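Written below as structure tokens is the structure these notes are about.
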Amino acid sequence: ADRRRSRDDMSASASAFASSPFGARATSRRRSRSAKPGEVPTTKAVSTGLNATESLPLIHGRCVWRGPELLVNPSAWTTVLTKSDIAELESALRDAKRANLDIAELTQTNFKLPTLGPKLVAMTSTNLLNGEGLHLMKGLPVERWDMWSICAAFFGMGAYIGWHCPQNAKGHVLGHVKDLGNDPHDPATRTYTTSAAQPFHTDSADIVGLLCLKNSTQGGESQVVSTAAVYNELVTKNREAALALTKPFPVDRKGEIPRGKSPTYDMPVFHVYHTRASGNTESGTSASGTSEGGTASSTSESSTESRTAESSTASSTAGNTESRTAGTDERSTAGITESSSKKSTSQKSTTLLSGIYDRNFINAAQTRWARGASATQNGDSSEPTRDESESEPTHSVPRLTPQQTAALDALDELCDSKEFRVDMRLEPGDIQWLHNHTTLHARSAYSCVGKEMSERHLLRLWLTPFSNARELPPVFAERFGDLTPGPTRGGIRVDGQKPYCALEPGA
């Protein structure tokens, strides 16, 4: 049955890819047509409407973890690619070259990974969407492959996880994280094109994958935290900050503006919301037919009522002794209550926490668009951009209040704490997979001794999962566009965009 579903997904994904803005014309030779903005659909996600007198629920389950806890058993979230996995990839690469396929044309149909493919599917469901939200794969032989093969192998692996999303206005569906010498202090600069530290953030897609080709000699460590863990800490010890982070902040688009949108948009950091899906929960059911999930408990002194949250399923898949799919330890059942395990598949309401955050983009909105007195963010004194014929700014946003700034500072301080974060130094051949709705990630500043620009080089994928994609609240449409899981959800989509796979940084 799993293989039939995989073949069905294969056909469906190939069909959707061909009919999407990233179909057969989306190539590394820039042959593609412009991406069309997706319509914002209706959604079953309902805001909880939190206010100053309402309690904030605590989140429980596998999505809640602290860095030191994960480091006790790294094998639970790490997979080492086997010789047979590599052999499958090299066979698929040979077939793709013989067929003269462009990288952006690779799908499950023409890039066959008969055993590695199901491992990727299981990892996505068990570890990313319904588990800790992160997974590390090691052992891709980047040192012996040429750039086309590396890019094709990574893109082809992503084709077993979901639809590829454009990562910038140029339309990169395979991106490069590399220091291009851009000014990190310019508010219009995307930080991934610099060697500066990148603060904790989420990306504009459900899943991000990062493949390390080279690392720096100094710095460049990757850092990840559980969104729910830092949220819970703030709810418990700094409720004012937690509540402030459930309210909107002005966020800059850095010039990558979808059709019909403004240069900035308003977005809270924390989103606590209900989904009202009929049938199975968004994360599916286990083999026994029962839904496995965490709970959301109230912090109000006048209420001890529990709320169901972070529904998660530990998928059972066939494994081998050489390569383990993470998330199969006893924590796979953490937070499950008797009532949640016995729920039927009738209409049900689930409370979720999703995060969406990038302080750099919030700061940029203040620097470029804030109205009133001279900007103070990052010591900048510029005024909002003005049309030469206008006496007032053509676009502006309100100044952050001291309470908002304090809340962001409190969040950043927790994320950067060794008590919460897990540090990884990615080595060549390592692939880090993250679920953006349940984790925040960062990168330390880096350099290479004796060189003006570092050789650190990562490839990046943004993906929308084929199945079990999280239901998102309507406000996410400002950043994700079409909220319906499919080839037009997520990513950066602008007029004139030509999606393609860039084989070199800056292309």
Side-chain angles (χ1 to χ4, degrees), residues 43-48 57-65 77 123-135 161-163 165 167 200-210 224-232 234 242 245-246 249 251 267-275 277 281-284 293-294 296 308-313 327 335 350-358 361 411 415 420 432-442 460-486 489-492:
T43 176
K44 295 176 182 176
V46 180
S47 171
T48 58
L58 292 177
I59 305 301
H60 304 279
R62 287 178 57 200
C63 65
V64 185
W65 50 263
W77 45 274
M123 177 271 295
T124 303
S125 177
T126 303
N127 304 111
L128 299 184
L129 303 181
N130 300 308
E132 291 81 3
L134 84 164
H135 193 74
I161 294 174
W163 292 278
C165 304
Q167 302 173 29
F200 282 92
H201 65 283
T202 59
D203 293 330
S204 299
D206 294 80
I207 292 170
V208 57
L210 292 165
V224 187
V225 298
S226 159
T227 303
V230 295
Y231 162 86
N232 283 351
L234 288 171
L245 293 169
T246 67
F249 290 79
V251 182
M267 185 66 64
V269 174
F270 293 140
H271 300 257
V272 182
Y273 58 100
H274 303 311
T275 61
T281 63
E282 62 170 357
S283 56
T308 304
E310 296 298 338
S311 178
S312 62
T313 301
T350 301
T351 301
L352 297 175
L353 168 71
S354 291
I356 184 167
Y357 180 52
D358 195 323
F361 282 68
L411 172 61
C415 288
F420 286 89
Q432 180 190 74
W433 302 102
L434 299 171
H435 188 209
N436 278 301
H437 303 313
T438 59
T439 63
L440 296 160
H441 61 283
R460 183 173 66 185
L461 294 177
W462 283 1
L463 301 166
T464 300
F466 290 133
S467 60
N468 295 334
R470 170 170 291 218
E471 199 163 334
L472 299 173
V475 69
F476 268 55
E478 278 293 339
R479 187 168 175 184
F480 277 66
D482 191 342
L483 298 185
T484 302
R489 165 161 151 164
I492 295 171

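Since the model is a prediction, treat every value here as computed from it, not as a measurement.
- Residues satisfying the ring pair (Phe, Tyr, Trp, His ring centres under 6.0 Å) test with Trp462, not counting sequence neighbours, are none.
- Under the 3.5 Å distance criterion, the side-chain polar atoms of His435 are matched with a main-chain donor or acceptor of Leu128.
- Nearest heavy atoms, Arg489 versus Thr464: O-OG1, 2.9 Å.
- You'll find the side chain of Leu411 reaches within 4.5 Å of the side chain of Val230, heavy atoms only.
- Listed by chain and residue number, Arg253, Lys261 satisfy the side-chain hydrogen bond (donor to acceptor under 3.5 Å, both in side chains) test with Glu478 (two or more places apart in sequence, or in another chain).
- Closest approach of Val64 to Ser226, counting heavy atoms only: CA-OG, 3.6 Å.
- Under the rule for a side-chain contact (heavy atoms from CB on, under 4.5 Å), the partners of Thr439 that lie at least two apart in sequence or sit in another chain are Trp65, Val224, Leu434.
- At least one donor-acceptor pair closer than 3.5 Å links the side chain of Thr202 to the backbone N or O of Tyr357.
- With a 4.5 Å cut-off on side-chain heavy atoms, Thr275 and Arg470 do not count as touching.
- Asp482 places a side-chain N or O within donor-acceptor distance of the main-chain N or O of Thr484, the cut-off being under 3.5 Å.
- Between Gln432 and Leu134, every side-chain heavy-atom pair lies at or beyond the 4.5 Å cut-off.
- For the pair Thr124 and Trp433, the minimum side-chain heavy-atom distance is 4.5 Å or more.
- Side-chain atoms of Glu132 do not come within 3.5 Å of backbone N or O of Trp77 as any donor-acceptor pair.
- Taken to the nearest 0.5 Å, the OG1 atom of Thr227 stands 11.0 Å off from the CD1 atom of Ile356.
- The heavy-atom pair separating Ser125 from Asn468 by the smallest distance is OG-ND2, 3.7 Å.
- Among all heavy-atom pairs drawn from Ser354 and Tyr273, the shortest one is OG-OH, 2.8 Å.
- Between Pro465 and Leu129 there is a side-chain heavy-atom pair separated by less than 4.5 Å.
- The side-chain contact (heavy atoms from CB on, under 4.5 Å) test applied to Asp358 returns His201, Asn360, Phe361, not counting sequence neighbours.
- Side-chain contact check for Thr350 versus Glu471: every heavy-atom pair is 4.5 Å or farther apart.
- A distance of 15.0 Å separates OG1 of Thr438 from OH of Tyr231, quoted to the nearest 0.5 Å.
- Side-chain contact between Phe270 and Leu234: present, with at least one pair of heavy atoms (C-beta onward) separated by less than 4.5 Å.
- Remark: Arg479 pairs with no residue by the salt bridge (charged side-chain N to carboxylate O under 4.0 Å, His left out) rule, at least two apart or across chains.
- Considering only residues two or more places apart in sequence or on other chains, Phe476 meets the ring pair (Phe, Tyr, Trp, His ring centres under 6.0 Å) condition with His271, His437, Phe480.
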Quick one: do Thr351 and Val272 satisfy side chain to side chain contact (heavy atoms under 4.5 Å, CB included)? Show the steps, please.
-> CA-CA 7 Å; Thr351 301; Val272 182; 3.9 Å; yes
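- The two residues Ala228 and Leu353 come nearest to each other via the heavy atoms CA-CD2, 3.7 Å.
- Between the CG atom of Asp206 and the CG atom of Asn436 there is a distance of 8.0 Å, given to the nearest 0.5 Å.
- Between the side chain of Arg62 and the backbone N or O of Thr126, at least one donor-acceptor pair lies under 3.5 Å.
- Trp163 has its side chain out of reach of Leu463: every pair of non-hydrogen atoms, C-beta onward, lies at least 4.5 Å apart.
- Distance check, rounded to the nearest 0.5 Å: CZ of Phe200 to NE2 of His441 gives 10.0 Å.
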